[in-house]
Each structure stands twice: as C-alpha cells, then as structure tokens.
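Values below: all heavy atoms of this structure, side chains included; hydrogens, waters and symmetry mates excluded.
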Amino acid sequence: MAKIYRFLGKRGNTTIPYPLRLAMGLKRYDLVSYELNGDTIILKREKICDNCAFDSDQTQILGFSELKPQKKQNTKHSGTRKTLPLLV
C-alpha cells in the first residue's frame, strides 16, 4: 500500500484514511488503541472482550446508544404560533 499523508487539524485531529480502515476492517464504534514506539504511533483495533461477539450495531453495550444519530421526526411548521387557552 502506498504511503498516505494527512495534515493534523487545529486540535490534533486526523481521519484514518478509508483504504486503511477498509484493510483493517474498522467500522463505526470500533475500539482502537494508540501506542507510542519511539517516533512511531501504532494504531490497533481492540476487542471488547474475549468471550463476547460484539457487533458495532449493538452500541448500547458500550453506552454509545446516545451517539447514534436519531431519526428526525417529520414536523411541519405552519409559521403561526399556537396559543394556549386563557384560564380565568
């Protein structure tokens, strides 16, 4: 595989390039670890546990269910305000 170059963002962020994610089998919510070895950073995909079959769609196991995008409800705005009845 050819060398891929990326710039670090203002906060030190970068994206793992798609060909590398594909080669490593990485998908959303996979756990990765970083290790420093001299002047090299090693990125590894980690297992959640040895005895469980974790599917990245089952994000509630890790408490990531709130991170999944929620489906937007179709709400139509008429542009007029609704008023509550006046209680006397």
Side-chain angles (χ1 to χ4, degrees):
M1 179 176 288
K3 194 181 275 191
I4 300 172
Y5 295 91
R6 293 285 188 262
F7 287 105
L8 283 180
K10 182 165 84 171
R11 296 184 178 146
N13 297 339
T14 187
T15 301
I16 302 169
Y18 180 72
L20 296 177
R21 292 193 318 258
L22 192 62
M24 289 182 69
L26 291 173
K27 49 191 180 288
R28 189 174 193 184
Y29 299 118
D30 278 351
L31 180 65
V32 295
S33 66
Y34 299 92
E35 183 180 339
L36 185 61
N37 186 359
D39 63 347
T40 303
I41 297 173
I42 301 169
L43 173 72
K44 292 182 183 177
R45 182 175 49 159
E46 300 288 347
K47 287 193 244 178
I48 301 301
C49 64
D50 291 329
N51 298 326
C52 62
F54 178 73
D55 183 7
S56 64
D57 292 333
Q58 297 174 351
T59 56
Q60 62 274 13
I61 294 172
L62 291 177
F64 285 137
S65 58
E66 65 275 2
L67 297 178
K68 279 187 140 181
Q70 301 294 323
K71 291 184 179 179
K72 293 184 179 179
Q73 296 177 355
N74 292 334
T75 56
K76 294 183 180 180
H77 299 286
S78 62
T80 59
R81 289 187 177 183
K82 293 181 181 178
T83 56
L84 297 174
L86 182 61
L87 300 175
V88 182

Set of side chain to side chain contact (heavy atoms under 4.5 Å, CB included) partners for Lys10, sequence neighbours left out: none
Heavy-atom closest contact (Ile41 atom, Tyr34 atom, distance): CG2-CD2, 4.0 Å
Spatial distance of atom CG (Leu26) from atom CZ (Arg21) [nearest 0.5 Å]: 8.0 Å
Residues in side chain to side chain contact (heavy atoms under 4.5 Å, CB included) contact with Pro17, at least two apart in sequence or another chain: Ile4, Arg6, Pro19, Leu20
Distance-minimising heavy-atom pair for Ser33 and Glu46: OG-OE2, 2.6 Å
Met24 with Tyr18, same ILVMFWY side-chain cluster at under 4.5 Å: no
Joint cluster assignment, Leu36 & Ile16, ILVMFWY side-chain distance < 4.5 Å: yes
